[in-house]
Amino acid sequence: MNDLTAESIRRALPGWVPEVRFLPETGSTNRVAMEWAAEGAAHGSLVVADYQTAGRGRLERTWLAPAGSSVLASVVLRPSMEPGQRGLLALAAAVALCRCLEELEVPASVKWPNDVLLGDRKVAGMLSEAAGGVVVLGVGVNVKQQEFPEEIAATATSLEQFTGRRFGRLPVLEGLVRHLARLVDGPVEQIVPSYRPWCGTLGRRVRVDVGSGPLEDLAAGIDPAGALVLAGGRTILAGDLVQLR
């Protein structure tokens, strides 16, 4: 049974979402949301797809999921924050999902900056894109997959594969949006303090590709801008990170 339909989404989501567009199939929910934003979509407008053929993650990676298996959504945000603070919205989305999963009795953590993990395997990712005063925040959550392509089988998981339990996609989407609304419309200064307790990267040795080559150090903190602070004093604004054992 498909629990994600236009009617079920509109009925379940809080009043913070002014309008929903549900698509049985699309290339990318972020692309649809960006086009909708350019047409004037209001803050909180939500695009949800059952299947996407050209989903993207961070660092231009592809995000592929079988039809009916995942929560694939993008929200249009018109945040009242400085342009330099908008990168915090992807961190807020990671916190929102962790809080949602906690309600569903699934223990999650965040690998900096915004990959959500169950154990050491990725269950969800976020992609934030800005244009003018608009930010489109895309989220992909693996819910029902029982197997993954060989190239990611050792690093990816889903809620059902990890826990051995059945999950509906609608409760995951509803909880994610509910918690995201509170963070996005709350004081921006609360995002990073809310994020730190969920960040499993802190206290671990990491390897970060910073462009000039890999850098290994202990992850010591998160600064107010959401950057990773290493024990040696280096601050990492962005980069491909591996948590070392």
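All figures in this text were calculated on a predicted structure; none of them were measured in a lab.
- You'll find the side chain of W36 reaches within 4.5 Å of the side chain of S45, heavy atoms only.
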Item to check | Derivation and outcome, side chain to side chain contact (heavy atoms under 4.5 Å, CB included), residues K122 and T157 | outcome: CA-CA 6 Å; K122 182 174 177 178; T157 192; over 6 Å; no
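- In this structure a side-chain-to-backbone donor-acceptor pair under 3.5 Å is missing from S109 to G200.
- E25 and T53 are not linked by any side-chain donor-acceptor pair at a separation below 3.5 angstrom, with hydrogens and angles left out of the test.
- Under the 4.5 Å side-chain heavy-atom criterion for grouping Ile, Leu, Val, Met, Phe, Trp and Tyr, V208 is connected to Y195 within one hydrophobic cluster.
- Between the CG atom in L89 and the CD1 atom in I191 there is a gap of 5.5 Å [rounded to 0.5 Å].
- If you take CG on N30 and CD on Q52, they are separated by 8.0 Å, rounding to the nearest 0.5 Å.
- L230 has its side chain within reach of V206: a pair of non-hydrogen atoms, C-beta onward, lies under 4.5 Å apart.
- Residue L101 holds its CG atom at 5.5 Å from CG of L159, rounded to the nearest 0.5 Å.
- In plain terms, the two heavy atoms of S8 and D3 that are nearest each other are OG-O, 2.9 Å.
- For the atom pair NE2 (H43) and CG (D185), the distance works out to 4.0 Å, reported to the nearest 0.5 Å.
- At distances below 3.5 Å, not a single donor-acceptor pair connects side-chain atoms of R207 with backbone N or O atoms of P214.
- Of the possible polar contacts, none joining the T26 side chain to the L23 backbone as a donor-acceptor pair under 3.5 Å is found.
- If you chain together hydrophobic residues whose side chains sit under 4.5 Å apart, L228 and W198 fall into the same group.
- No donor-acceptor distance shorter than 3.5 angstrom exists from the side chain of N114 to the backbone of A94, with no hydrogens or angles considered.
- A heavy-atom distance below 4.5 Å is found between the side chains of L137 and L180.
- Nearest heavy-atom pair, T29 versus A49, reported as atom, atom and distance to 0.1 Å: CG2-CB, 3.5 Å.
- The nearest pair of heavy atoms linking A42 to P18 is CB-CG, 3.9 Å.
- In plain terms, the two heavy atoms of V134 and A37 that are nearest each other are CG1-CB, 3.7 Å.
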Checklist entry - Are Y51 and S70 close enough, and set up right, to give a side chain to side chain contact (heavy atoms under 4.5 Å, CB included), and what steps lead you there? => result CA-CA 8 Å; Y51 175 64; S70 303; over 6 Å; no
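- Heavy-atom neighbours of E151 CD from other residues, nucleotides or ligands within 6.0 Å: above the threshold of 12.
- Counting heavy atoms from C-beta on, the side chains of V136 and V47 never come closer than 4.5 Å.
- When each of L13, I9, V139 is paired with V177, the side chain to side chain contact (heavy atoms under 4.5 Å, CB included) condition holds for L13 and for no other.
- Residues V192 and P224 fail the side-chain proximity criterion, which asks for heavy atoms closer than 4.5 Å.
- In this structure, V48 and L173 have side chains that are in contact, with non-hydrogen atoms separated by less than 4.5 Å.
- A side-chain donor-acceptor contact under 3.5 Å links K111 to the backbone of L241.
- M34 and V17 fall into different hydrophobic clusters, defined by Ile, Leu, Val, Met, Phe, Trp and Tyr side-chain heavy atoms under 4.5 Å apart, directly or through other members.
- Here the CG-OG distance, from N142 to S69, works out to 7.0 Å after rounding to the nearest 0.5 Å.
- Nearest heavy-atom pair across T235 and A227 is CG2-CB, 3.5 Å.
- Cation-pi geometry between R178 and W16 is not met: the NZ or CZ atom fails to fall both under 6.0 Å from the ring centre and inside 45° of the normal.
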Next on the checklist: Using the rule given for side chain to side chain contact (heavy atoms under 4.5 Å, CB included), can you reason through R182 versus R99, listing the C-alpha separation, both sets of side-chain angles and the distance that settles it, and then say yes or no?
Outcome noted: CA-CA 11 Å; R182 295 170 183 168; R99 288 176 172 176; 5.7 Å; no
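- Crowding of E7 atom CD: a count of heavy atoms from other residues, nucleotides or ligands under 6.0 Å not exceeding 12.
- Hydrophobic cluster membership is shared by L97 and L118, with clusters built from Ile, Leu, Val, Met, Phe, Trp and Tyr side chains linked at under 4.5 angstrom.
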Next on the checklist: Would Q161 and Q145 count as a side chain to side chain contact (heavy atoms under 4.5 Å, CB included) here? Give the steps.
Outcome noted: CA-CA 7 Å; Q161 184 190 60; Q145 295 93 325; over 6 Å; no
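- Residue R165 places its CZ atom among more than 12 non-hydrogen atoms of other residues, nucleotides or ligands, all under 6.0 Å distant.
- Shown here is E82, whose CD atom has no more than 12 heavy atoms of other residues, nucleotides or ligands within 6.0 Å.
- A heavy-atom distance below 4.5 Å is found between the side chains of L215 and R234.
- With salt bridges taken as basic N to acidic carboxylate O contacts below 4.0 Å, one links D50 and R169.
- No side-chain heavy atom of E19 sits under 4.5 Å from any side-chain heavy atom of R10.
- Side-chain contact of Q190 with S194: a donor-acceptor pair under 3.5 Å is absent, judged by distance alone.
- Across all non-hydrogen atoms, the minimal contact from A108 to V116 is CB-CG1, 4.0 Å.
- Annotation: the span from E160 atom CD to Q146 atom CD amounts to 6.0 Å, rounded to 0.5 Å.
- A donor-acceptor distance shorter than 3.5 angstrom exists from the side chain of R121 to the backbone of A153, with no hydrogens or angles considered.
- By the rule that hydrophobic residues join a cluster once side-chain heavy atoms approach within less than 4.5 Å of another member, V123 and V143 end up as members of one cluster.
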